[in-house]
Amino acid sequence: LIRSTRLTADLWDSVSTGIRNDFHFPDPDVVAAAVSILAAIPSYSLAKLITDSNAEISACFDSPSDNLRFSITETLGCVLARDDLVTLCENNVNLLDKVSAWWARIGQNMLDKSDTVSKVAFESVGRLFQELDSKRMSRLAGDKLVDSENSLAIRSNWVSSMVDFVWKKRSTLMARSLILPVESFRATVFPLVFAVKAVASGGLEVIRKISKGSKVNGTVVDSNAEKLVGVSDLVTHLAPFLASSLEPALIFDVGINMLYLADVPGGKPEWASQSIIAILTLWDRQEFASARESIVRAVVTNLHLLDLHMQVSLFKRLLLMVRNLRAESDRMHALACICRTALCVDLFAKESVRRGQKPLAGTDIASLFEDPSVKDDLHNVTSKSLFREELVATLVESCFQLSLPLPEQKNSGMESRVIGALAYGTGYGALNWTETALEVVEVCRPCVKWDCDGRTYAVDCYLKLLVRLCHIYDTRGGVKRVKDGASQDQILNETRLQNLQRDLVKDLREVSTSRICARLLWAISEHINLEGLDPLLADDPEDPLNIIVSNIHKVLFNADASTDTTNRPQDVQAALLCAQRLGSRHARAGQLLTKELEEFRTSTLADSVNKHQCRMILQRIKYISNRPESRWVGASEARGDYPFSHHKLTVQFYDASAAQDRKLEGLVHKAILELWRP
């Protein structure tokens with residue numbers, strides 16, 4: 001009744017009096033019932049009640065009755081972890097001392113002779129640890145407090161003393177947890193893991209600093225060996241439960257917590273792979289479907305702890321799993337992790353080959369797309385799901401992250417291995433990332449033929465990377481020769497890029513929408529090497545220049561402008577700019593385009609702006625063809641920019657697909673930045 005009704009202040013007073021009287025009741029079960037009401041009492045009257053009856057509360061811990069010890073441990077475990085209590089302790093030193101003493105008692109109750117008491121004490125300590133990170137209990141109690149420095153110090157003080165206790169008594173606690181009934185074992189996992197990890201990874205030092213403890217408890221800092229022994233003891237204690245347990249929830253808990261231990265300095269890849277295999281087996285048995293998000297998140301965030309073979313073998317499975325996640329942000333986070341790992345693996349394997357080791361099968365980027373369903377999706381023109389766009393976009397954006405200098409290396413935690421692998425793979429050559437990027441561009445080539453209902457974000461990303469690579473390798477100048485000082489790698493990469501450009505020119509005919517056609521035209525015509533074309537094939541329809549010109553014609557004269565497939569003003573703009581720059585670069589292109597532009601100028605499809613623009617472009621081309629010697633080469637220099645995605649062209653229509661694009665862009669960028677620049 002008390003818990004389910006809203007009481008006024010005076011009624012609460014009578015409740016408090018009732019509780020105080022009940023503390024002296026001879027029957028421990030009644031006292032236990034009274035104690036459990038403490039959790040419901042509002043914080044303004046809680047402090048006074050606790051302070052007044054602290055002797056009785058402390059006496060409950062020593063009571064011979066299991067029931068009473070259980071009740072007091074559970075209730076105080078809920079109450080003392082909450083924010084409002086921490087705030088009360090901040091202003092009341094007496095209360096703070098008492099609460100700290102009670103936490104110590106709860107800690108000792110983890111070794112209590114009664115199983116229920118022991119389990120609930122483990123739970124309470126786990127709650128205290130969780131509140132340091134996630135504030136779950138406090139949010140349930142409706143608190144939206146922002147911690148002040150003091151309240152943070154108080155809570156950290158409790159946490160650090162509990163961590164010390166658990167670390168010192170870890171072997172006893174492990175033994176105690178093994179003789180609990182197996183369904184209670186789950187509760188014991190998190191407190192042990194949190195404490196051991198905090199000590200081994202140096203988190204405890206940070207917590208101690210925050211807690212401003214004036215008196216350092218004369219703790220001797222353990223040697224690294226000691227810490228590592230502690231961690232591996234705990235792992236050997238937990239590992240059997242992954243293999244033999246039948247309860248999905250327990251396997252899941254143990255698996256996730258072992259992953260949490262796996263990136264301790266000195267951890268072994270087997271620790272991660274054991275638990276990842278166990279968690280994925282749960283997924284296969286279709287148990288624990290509710291935890292899908294957390295399963296995937298746990299696996300992908302720890303991917304880099306595994307050895308290369310295991311990483312590569314997981315890619316296919318993970319993409320299928322990620323595909324089925326409902327929440328976009330989860331999907332994006334997972335995709336960003338997978339793409340980062342794929343790039344890492346690729347760079348790492350290439351560098352190992354360079355250093356003379358045997359090449360590992362399946363480490364190239366193409367292995368991401370090996371699964372038949374993902375592959376078909378990539379090669380189909382239309383697709384029901386957004387997944388392929390998300391995948392290509394995250395992969396390309398991750399390549400751009402690779403091209404930036406790496407963040408400073410921290411020694412601990414998740415990031416260090418990734419940054420290590422990247423630093424090893426990108427060697428110290430500034431261009432090593434381009435090899436991986438080249439592979440990405442080759443593998444994702446089919447995306448230019450997609451029809452995405454007007455969405456262009458994935459294709460934009462792709463073309464932006466392509467243009468960046470063409471600019472870096474200066475594909476306009478053709479393949480450099482050894483006597484120009486090009487290295488073998490560079491010659492190989494440039495040849496691959498030239499071939500890719502030729503393939504893309506052939507793909508121009510199969511591009512499904514003129515909106516993408518205009519963008520692809522820009523990306524190709526800006527960077528294609530016109531001098532390298534064979535003049536004998538000038539009237540051959542297969543000649544790249546002829547294909548480009550006929551596509552410019554197609555874009556300019558595309559009359560059926562449904563807004564889904566075209567954004568006509570913008571497409572025409574792009575085509576005209578292409579024409580201007582191509583025509584001023586190359587004489588034959590100039591002649592062909594003059595004809596096209598004359599025709600377009602007189603047609604009904606050109607509005608007055610376009611007519612003026614055509615006149616100006618024609619004059620430029622004519623001027624250049626008449627005076628080739630006074631032409632300034634820099635005028636049509638390739639800038640390496642791609643004007644469709646960031647600075648928007650002046651004409652732009654917003655429609656549903658553009659809104660979807662912006663949303664996807666926001667999600668991808670957020671996930672990638674969170675991962676690469678934490």
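Note that the CG atom of L675 and the CZ atom of R340 stand 4.0 Å from one another [nearest 0.5 Å]. To the nearest 0.5 Å, atom SG of residue C399 and atom CD of residue E397 are 9.5 Å apart. Rounding to the nearest 0.5 Å places CD1 of I365 at 6.0 Å from OG1 of T436. Atoms CG and NZ, on L192 and K169 in that order, are 13.5 Å from each other to the nearest 0.5 Å. How far CG of L259 is from CZ of R297: 14.0 Å, rounded to the nearest 0.5 Å. Annotation: the span from S114 atom OG to L180 atom CG amounts to 9.5 Å, rounded to 0.5 Å.
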Apply salt bridge (Lys or Arg N to Asp or Glu O under 4.0 Å) to the pair E351 and R355, showing each step before the final yes or no. CA-CA 6 Å; E351 180 64 18; R355 297 188 181 189; 2.8 Å; yes

Yes or no on side chain to side chain contact (heavy atoms under 4.5 Å, CB included) for V296 and D330, after CA distance, side-chain angles and deciding distance? CA-CA 9 Å; V296 172; D330 283 331; over 6 Å; no

Using side chain to side chain contact (heavy atoms under 4.5 Å, CB included), reason through L238 and L242 one step at a time and then give a plain yes or no. CA-CA 7 Å; L238 293 176; L242 286 178; over 6 Å; no

Could you walk me through whether L378 and K375 pass side chain to side chain contact (heavy atoms under 4.5 Å, CB included), step by step? CA-CA 5 Å; L378 185 67; K375 206 171 194 167; 5.7 Å; no

Evaluate W676 against L402 for side chain to side chain contact (heavy atoms under 4.5 Å, CB included), listing each step before the verdict. CA-CA 9 Å; W676 286 81; L402 259 191; 4.1 Å; yes

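The nearest pair of heavy atoms linking L664 to E390 is CD1-CG, 3.6 Å. For T73 against N109, the heavy-atom pair with the smallest separation is OG1-ND2, 3.0 Å. Residues R331 and V322 come closest through the heavy atom pair CG-O, 3.2 Å. Shortest non-hydrogen contact noted between G77 and I106 is N-CD1, 4.0 Å. Taking every heavy atom of both residues into account, A349 and T363 meet most closely at CB-OG1, 3.4 Å. Between A198 and V163 the shortest heavy-atom distance is CB-CG1, 4.3 Å.
At least one side-chain heavy atom of L132 sits under 4.5 Å from a side-chain heavy atom of I207. L85 places a side-chain heavy atom less than 4.5 Å from the side chain of C89. Side-chain contact check for S275 versus I256: every heavy-atom pair is 4.5 Å or farther apart. Looking at heavy atoms from C-beta onward, D164 lies in side-chain contact with L204 at the 4.5 angstrom threshold. Here the side chains of F387 and L319 are in contact, with some heavy-atom distance below 4.5 Å. The shortest distance between side-chain heavy atoms of L360 and V312 does not fall below 4.5 Å. Two residues are said to be in side-chain contact when any heavy atoms from C-beta on lie closer than 4.5 Å; F369 and L395 meet this criterion. Under the 4.5 Å side-chain criterion, counting only non-hydrogen atoms from C-beta, V231 is in contact with W271.
A donor-acceptor pair under 3.5 Å is absent between the side-chain atoms of E131 and the main chain of R82, judged by distance alone. A donor-acceptor contact shorter than 3.5 Å links the side chain of R155 to the backbone of A81.
For the pair R170 and W167, the cation-pi test (distance below 6.0 Å, angle within 45°) is passed.
Between K119 and E123, at least one side-chain N (NZ, or NE/NH1/NH2) sits under 4.0 Å from a carboxylate O, which counts as a salt bridge. Of the charged side-chain nitrogens involved, none lies within less than 4.0 Å of a carboxylate oxygen, so that E205 and K209 do not count as a salt-bridged pair. D377 has a carboxylate O that lies under 4.0 Å from a charged side-chain N of R323, or vice versa, which qualifies the two as a salt bridge. Under the 4.0 Å criterion applied to side-chain N and carboxylate O atoms, R176 and D115 are assigned as salt-bridge partners.
The side chain to side chain donor-acceptor pair (under 3.5 Å) search around W158 returns S100, not counting sequence neighbours. Residues meeting the side chain to side chain contact (heavy atoms under 4.5 Å, CB included) test with A366, sequence neighbours left out: D364, V443. Listed by chain and number, the residues in a side chain to side chain contact (heavy atoms under 4.5 Å, CB included) with S71 are A32, V35, S36, T75 (sequence neighbours excluded).
Residue K316 places its NZ atom among 12 or fewer non-hydrogen atoms of other residues, nucleotides or ligands, all under 6.0 Å distant.
Residue F241 is tested with I251, L250, D253 for a side-chain contact (heavy atoms from CB on, under 4.5 Å); the sole match is L250. Results of the ring-ring contact (aromatic ring centres under 6.0 Å, His included) test with F129 over Y260, F122, W103, F194 single out F194 as the only residue that passes.
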